[in-house]
Every structure is written in structure tokens, then in C-alpha cells.
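The block underneath contains the structure these notes are about, expressed in C-alpha cells.
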Number of protein chains: 2
Amino acid sequence: MPALDKKDLEILKLLQQNARMTIKEISEKVHLSTTPVHERIKRMEESGVIKQYVTLLNASKVGKGLMVICYVSLRQHSKNAGEKFIKGILEMTEVLECLTISGEFDFMLKVAVADMDEYYNFHVNKLSNIENVGNVQSVFVMGVVKMTQQLV
Amino acid sequence: MPALDKKDLEILKLLQQNARMTIKEISEKVHLSTTPVHERIKRMEESGVIKQYVTLLNASKVGKGLMVICYVSLRQHSKNAGEKFIKGILEMTEVLECLTISGEFDFMLKVAVADMDEYYNFHVNKLSNIENVGNVQSVFVMGVVKMTQQLV
DNA sequence: AATGAAACTAGTAGCCT
DNA sequence: AGGCTACTAGTTTCATT
């Protein structure tokens, strides 16, 4: 995979802001014809630079008004215990993000639910039900100051 | 804004997974013609249910190999101090996310940088340089188990 | 590695049911 | 509110430079 040049980065910048921008519009903005823009995008998709095109929704308008950051430590740190936890997490649609982190806890989750009742149910009946889940700590998101994925 | 029906949710599910899916392809998958699909999408864009179409990149392939979660508390909690902090954060391209949270700290940031040198520079020369920034604690992301925005 | 044109495919709007 | 049709616009490939 060759390095990204200036035009590639310009194209990525535009696509990050609007994944549905047409190739024609991109080509006008970066001062190329449609052919090279089309080829560059295809190349970046194939090389994995472009991971996915996604649509962001307004969380509260689709009934996900509460966001919670949730720290989890496992009781055991065997390979098996970790794998079971990960398998459980991947199946839970409430969990948007799961990161392995340094420090006191093993995992950090970002959880999106409708309200506190639903979060309580998630905590008690789903998360704590996974084998080996030890300490769990919840931090509630009160406001979103910034939320972007714009890497370049 | 009328509530979302089953077809709307089906369309949103598809667009969340692939924002560049054509209206024609969506219409085939949800068993409608292009006209109502086009109208439903337009309506959901206008009502704000659909916030944005974005492209996700492979962070390490665009030179952002290190992700850090960073907790910040302010020394003062006046309206002015908070606004200055937010203004600074919005300008820093390294900061992908900034949430106001419950608990010991005021803000949680998600920061994407190339490497530890760049993070050190961000911490010392950018973040700590904002007036009123008090305690800062960094948690390093060692792995990504799950990372999605799929709300419905 | 880009251009321009040609062939194909999709988006959009009006009209009908 | 959804389908059909016709028109407009975008995508994709190819010959050419």
C-alpha cells in the first residue's frame, strides 16, 4: 500500500464529513476528474484505510437518551475468562464501545440506553451476569461537548 | 415529527451499516420502491433523526496509532471557566470526544495521536495550557474490543 | 496517473392509484 | 402513502495522452 498523498487526504477529509458526497462533487472540490477520484477511493477501501461508511443518528430521537461509561474489572485474568466476557459484550446491543485499558479496571464500555430503568436492567441482569465480572463502576454522561471521528 | 415505523427503522439499520448504500439497493431490501425510501430518508434527515453520514478510517493507517482517555477537572467551576475550556477543546483536532461526566472529574476526553511523544506534547503544551485546567488523568487504550455507533 | 467521452446505473419529481 | 414512468444526474470503464 503506497502512502497517502495530498489529494488522498483531501478526499478523506471530505468523505469523513459527508460519506454520501458524490464522486462528482468530490472531484470538483479536489480539482480532479471523476476517474482518479473513483480509483483513489476504491484503492483506499481495498487497502483498509477507509474502514466503513456509517450513518450517525440522534440518540435521543431513536430512544437512547442515556449514555453511560462503565468500567469493568474481571475476577480472573485467564484467556478463557477474557474471551467469555468479550463474547458477551459483542452480543449486547446496548454496548457501543468496549476498550481494554490501562489502570485499575480492565475494560471501559460506552453504553447507550433509553433511561435509568433500562440501565439498571443492563447492569444487574446483563453485565453482572457474565461470568467473572468483578467490580463495575458507572459514570453517567451529562452532556456531549464534542463527538467526532475526524482523524485527518 | 411522527414516530418512526418499522420501515424507517429498517432503513436506518441499513444506512448505519453502510452510509453509501444506494436508495435503489435499500428499496429492494426493505421491499418498497425508491420513491417512499427517498422520501423517508429525506424526512429523517430534516427531522434530525439522521445526524450525519461519516466515513470511518483505520486510525493507525492514517498515523493515529495511540488512543488515550483523558480525565480533566477544572480548578474553578464558573460559567466562564467552563466555556473557555470547551472553546479550547473544540479547536484541538486530537480530541475526538469530550463528555461532561458525573463523578470525580468534570470532563472525559478521547484523544487520538500518533504516539507517546505526540501525546506528551498534547498533555503538557496544549491541554494543560488551557486556563483553569486542574487535575488531569490519562488512561491508555490498549485494545479495541468493540467500536460501533449502531443505535438501532 | 489524469482527461474526456461513452455506456450504464441511480436519483428525483410528477402523476396516478 | 406507495408505485410507475420519464428525465436528470452520477458512476464506471475505456481509449488516449
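Here is how names work: the chains are called A, B, and so on, in the same order as the sequence lines, proteins then strands, and each is numbered from 1.
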Side-chain N,O (B:R40) to OP1/OP2 (D:dG2) below 4.0 Å: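 Answer is yes, contact under 4.0 Å.
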Think B:H38 has a side-chain N or O under 4.0 angstrom from the OP1 or OP2 of C:dG11?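 B:H38 to C:dG11 OP1/OP2: no side-chain N or O under 4.0 Å.
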Figure out the [atom1]/[atom2] separation between [X] and [N], and round it to whole Å.
X	N	atom1	atom2	result
B:H31	D:dA1	NE2	C1'	18 Å
A:K42	C:dA1	NZ	P	14 Å
B:E39	D:dA1	CD	P	8 Å
A:E25	D:dA9	CD	P	14 Å
A:M44	C:dA1	CE	P	13 Å
B:I41	C:dA10	CD1	P	14 Å

Review item, nucleotides 4-7 of chain C N/O atoms under 3.5 Å of protein N/O:
unit_1	atom_1	unit_2	atom_2	d
C:dG4	O6	A:T35	OG1	2.5

Determine all donor-acceptor pairs shorter than 3.5 Å in which one atom belongs to a side chain in residues 144-152 of chain B; sequence neighbours excluded.
unit_1	atom_1	unit_2	atom_2	d
B:K146	NZ	A:I89	O	3.2
B:K146	NZ	A:L90	O	3.3
B:K146	NZ	A:M92	O	2.9
B:K146	NZ	A:V95	O	3.1
B:T148	OG1	B:Q150	N	2.9
B:Q150	NE2	B:V152	O	3.2

Establish whether A:V141 and A:L109 are linked, either directly or via other cluster members, by ILVMFWY side-chain heavy-atom contacts under 4.5 Å.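 No: no chain of side-chain contacts under 4.5 Å links A:V141 to A:L109.
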Answer yes if A:I11 and B:L56 sit in the same cluster of Ile, Leu, Val, Met, Phe, Trp and Tyr residues linked by side chain heavy atoms under 4.5 Å apart, and no otherwise.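 In one cluster: no.
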Kindly compute the distance separating NZ (A:K13) from CD1 (A:I26), expressed to the nearest 0.5 Å.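 A:K13 NZ to A:I26 CD1: 14.0 Å, rounded to 0.5 Å.
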Just how far is it from atom CG of A:L32 to atom NE2 of A:H38, taken to the nearest 0.5 Å?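 The distance works out to 14.0 Å.
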Is a donor on one side and an acceptor on the other found under 3.5 Å between the side chain of B:D8 and the backbone of B:D5?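 Side chain of B:D8 to backbone of B:D5, a donor-acceptor pair under 3.5 Å: yes, one is there.
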Check whether any side-chain N or O of A:K61 sits under 3.5 Å from a backbone N or O of B:S47 as a donor-acceptor pair, and report yes or no.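 Yes; judged by distance alone, with no hydrogens or angles, the pair exists.
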Any side-chain heavy atom of B:V139 sitting closer than 4.5 Å to one from B:M108?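 Contact flag for B:V139/B:M108 side chains = no.
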Members of residues 5-24 of chain B that approach DNA chain C, where some heavy atom sits under 4.0 Å away: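 Nucleic-acid contacts, sorted: B:T22, B:I23, B:K24.
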Just checking A:F107 against A:F85, ring centres under 6.0 Å apart?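 When the ring centroids of A:F107 and A:F85 are compared, they turn out to be within the sub-6.0 Å range.
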